[in-house]
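Written below as C-alpha cells is the structure these notes are about.
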Amino acid sequence: MRIAVLASGGNSPGMNNAVITLVKSARLNKIDIKLIYNGYQGLLDNQFYDADIRTLEDFSTRGNIVIGTARSKDFYQTEYKRKAVKILKKQKIDVLVVIGGDGSYKGAAGLANLGMKVMVLPGTIDNDVASTDSTIGFYSCLHTIVESIDKIRDSFDSHSGICFVEVMGRGFSDLAVQAGVATIAEAIITSENVLSAEEFVAIANETKKNKKRSCIFVITEKIYGANGLPSLDDLAKEVEKITGRVTRVNVIGHMQRGGVPSASDRYWASMMANHCIKCIKEKNFNRAIGEERRQLIDVDIFKAIAMPHKHNRTELASEFQKINRI
C-alpha cells in the first residue's frame, strides 16, 4: 500500500509532529509513504517527494510546516478534483492523508466522492473543526496570545492605558475567550457579544474606579470594520477622545501561527497521526481523526463535515467580562 500526506490551509504549530509520526508509523507498518509539498495546489502541480525522517525531525520544535501549506482556489472546482484523483492514481497512491481545517476536510470529502480513499487530521489554530474537541496548533497559538497580552498589560499598566487586542479565529471565538479568561481581560468580544464605543468607555471607567491601571479588550478578528461596524482604529480614537486615556490597537497577527509547538499539540498530533495509520492498516478509510474528552476518535468524513459548527462561548465571555472588571 502507498499513501501520500499533504497539509492544507493555514499552518499550525504541531503539524510537523503529525507528519513525522505518519512517516514513522507508516514505515513500521510496511506502508510506503510520499509527501506532497504545498497542499492541494502542490498535489495539482505534482509535487511528490520521498520523506527523509532525520530532516523531518529537525523541524519537530518549529511552528512552520516543513512540507509547506497553501490555499488553492482551483480546488473548489470539481474538474480540478478530478485532475487530482488522476494524478494520485498515476502516482499509485491508495490513500491521501490531509492535515488541515474545515476547508481542507471539504476538499478531501470531494476527493472521496470521486472514489479516492482519504483520511483527515485537524490542523488549525482556530479550533473550529466540529468533529474534534481540540485541533493541532490551537494550544500553541493560545499560549502565544496569552504571552503577548501579558506583555501588553505590562506596558499599558505603566501608562494607565486602554488596548484593543485583536486575535485570530476567523470569527470563531475560542482563542479570544480562552485568552481573555487567562489574562483577566476586561472585555472579551465574540460575534454575538459586540460592544459599542460607549460600552467600552463604560467598562474602562468602571475598571479605573476599581483602581485597575490598564484596561484590555480581547477581540476576535473579522468583527469590527465589517457589517457596518466601525474599525478598531476608529473605536480606539473615539474611546481615547471620551476617556482622555491613551488608547491603542494591537493586532497580534501571524506571530500567532509560529513558535515552538506546545507539549499538548505535539502529543495529540503524534497520537492522531498514529491512530490514522492504524485505521489505514485496518482498511478503515474516509475517516476524520480527532479527540473527544481526551480520547482518540475517528468519524466518517461525510458525517464530520455535516456536523453543526461549534458555538462561540459567548456566555463564558460575558460571565468573565463581569468578573474581570472587579
Side-chain angles (χ1 to χ4, degrees), residues 125-127 138-226 229-260 262 312-326:
I125 62 170
D126 300 328
N127 202 33
F138 172 73
Y139 286 108
S140 301
C141 180
L142 179 62
H143 178 80
T144 297
I145 293 169
V146 168
E147 193 174 57
S148 299
I149 294 174
D150 286 345
K151 293 174 181 178
I152 290 168
R153 178 74 77 179
D154 284 346
S155 179
F156 281 79
D157 267 349
S158 300
H159 296 280
S160 191
I162 301 165
C163 190
F164 291 84
V165 181
E166 184 185 84
V167 303
M168 286 183 171
R170 291 193 308 165
F172 187 65
S173 69
D174 261 17
L175 285 170
V177 171
Q178 294 193 36
V181 171
T183 58
I184 320 178
E186 281 69 34
I188 304 167
I189 307 306
T190 72
S191 56
E192 295 90 1
N193 181 43
V194 179
L195 302 184
S196 65
E198 292 74 20
E199 288 171 309
F200 283 122
V201 167
I203 293 170
N205 287 341
E206 182 182 352
T207 56
K208 186 176 182 181
K209 185 179 178 181
N210 290 333
K211 298 183 179 179
K212 297 188 78 171
R213 287 187 60 82
S214 61
C215 189
I216 305 293
F217 303 131
V218 180
I219 300 169
T220 307
E221 67 178 350
K222 301 185 185 298
I223 295 178
Y224 290 98
L229 293 172
S231 69
L232 288 179
D233 285 331
D234 288 340
L235 272 174
K237 289 175 184 176
E238 188 169 355
V239 169
E240 181 171 272
K241 182 179 179 181
I242 297 171
T243 63
R245 298 169 65 183
V246 172
T247 305
R248 298 289 183 266
V249 175
N250 194 299
V251 179
I252 298 178
H254 282 78
M255 66 181 291
Q256 292 165 89
R257 293 190 178 278
V260 177
S262 69
N312 284 324
R313 293 198 254 184
T314 304
E315 289 184 4
L316 183 62
S318 298
E319 181 179 357
F320 272 86
Q321 193 165 291
K322 296 172 184 176
I323 291 170
N324 291 347
R325 286 188 230 169
I326 296 172

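Owing to the predicted nature of the structure, the values given are computational and were not obtained by experimental measurement.
- Interatomic distance, OG1 of Thr247 versus NZ of Lys241, reported as 13.0 Å (0.5 Å rounding).
- By the 6.0 Å contact criterion, CD on Glu315 is open, its count of non-hydrogen atoms from other residues, nucleotides or ligands being 12 or less.
- Although no hydrogens or angles enter the test, the distance criterion places no donor-acceptor pair under 3.5 Å between the side chain of Ser155 and the main chain of Lys151.
- In this structure the side chain of Asn127 never reaches within 4.5 angstrom of the side chain of Leu175, judged on heavy atoms.
- In this structure, CZ on Arg248 lies 14.0 Å from CG on Leu232, to the nearest 0.5 angstrom.
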>> Does Gln178 form a side chain to side chain contact (heavy atoms under 4.5 Å, CB included) with Tyr139? I'd like the steps, not just the answer.
In response: CA-CA 10 Å; Gln178 294 193 36; Tyr139 286 108; 4.2 Å; yes

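- For the pair Met168/Ile125, a side-chain contact is recorded, criterion being any heavy-atom separation below 4.5 Å from C-beta on.
- For residues 169-209, the ring-ring contact (aromatic ring centres under 6.0 Å, His included) pairs, not counting sequence neighbours, are Phe164-Phe200, Phe200-Phe217.
- When all heavy atoms are compared, the tightest approach of Val201 to Ile242 is CG1-CG2, 3.8 Å.
- Contact record, Asp126 with Gly169: OD1-CA, 3.3 Å, taken as the closest heavy-atom pair.
- Considering every non-hydrogen atom in both Ile188 and Ala176, the closest pair reads CG2-O, 3.6 Å.
- To the nearest 0.5 angstrom, Cys163 atom SG is 9.5 Å from Arg153 atom CZ.
- Checking each of Asn250, Val218, Val251 against Val167 for a side-chain contact (heavy atoms from CB on, under 4.5 Å) leaves exactly one that passes, namely Val218.
- When each of Asp174, Thr314, Asn312 is checked for a side-chain hydrogen bond (donor to acceptor under 3.5 Å, both in side chains) with Thr190, only Thr314 meets the rule.
- A donor-acceptor contact closer than 3.5 angstrom links the side chains of Asn193 and Gln321.
- Note that the CE atom of Met255 and the CD atom of Glu147 stand 7.5 Å from one another [nearest 0.5 Å].
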> Can you check side chain to side chain contact (heavy atoms under 4.5 Å, CB included) on Arg245 and His159, steps first, answer last?
Replying inline: CA-CA 9 Å; Arg245 298 169 65 183; His159 296 280; over 6 Å; no

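- The two atoms that bring Pro230 and Asp234 nearest to each other are CB-CB, 4.3 Å, heavy atoms only.
- Atoms CD1 and CD1, on Ile189 and Ile223 in that order, are 7.5 Å from each other to the nearest 0.5 Å.
- Side chain of Thr207 to backbone of Arg325: no donor-acceptor contact under 3.5 angstrom is found.
- Within the 3.5 Å criterion, the main-chain N or O of Ala185 finds a donor-acceptor partner in the side chain of Asn324.
- By the 6.0 Å contact criterion, NZ on Lys212 is enclosed, its count of non-hydrogen atoms from other residues, nucleotides or ligands being greater than 12.
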>> Go through it in stages, so that I can follow the logic: the residues are Glu166 and Tyr224, the test is side chain to side chain contact (heavy atoms under 4.5 Å, CB included), and I'd like the CA-CA distance, side-chain angles, deciding distance and then a yes or no.
In response: CA-CA 10 Å; Glu166 184 185 84; Tyr224 290 98; over 6 Å; no

>> If you apply the rule side chain to side chain contact (heavy atoms under 4.5 Å, CB included), what do you find for Thr243 with Ile162, and how did you get there?
In response: CA-CA 10 Å; Thr243 63; Ile162 301 165; 3.9 Å; yes

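- Proximity of a side-chain donor or acceptor of Glu199 to a complementary backbone N or O of Ser196 within less than 3.5 Å is detected.
- Contact record, Ser262 with Ser140: N-OG, 2.7 Å, taken as the closest heavy-atom pair.
- By the 6.0 Å contact criterion, CD1 on Ile184 is open, its count of non-hydrogen atoms from other residues, nucleotides or ligands being 12 or less.
- Side-chain contact between Thr183 and Ile216 is absent, with no heavy-atom pair separated by less than 4.5 Å.
- For the atom pair OG of Ser160 and CZ of Arg213, the computed distance is 5.0 Å after rounding to the nearest 0.5 Å.
- The minimum heavy-atom distance between Cys215 and Ala204, with the atom names listed, is SG-CA, 3.9 Å.
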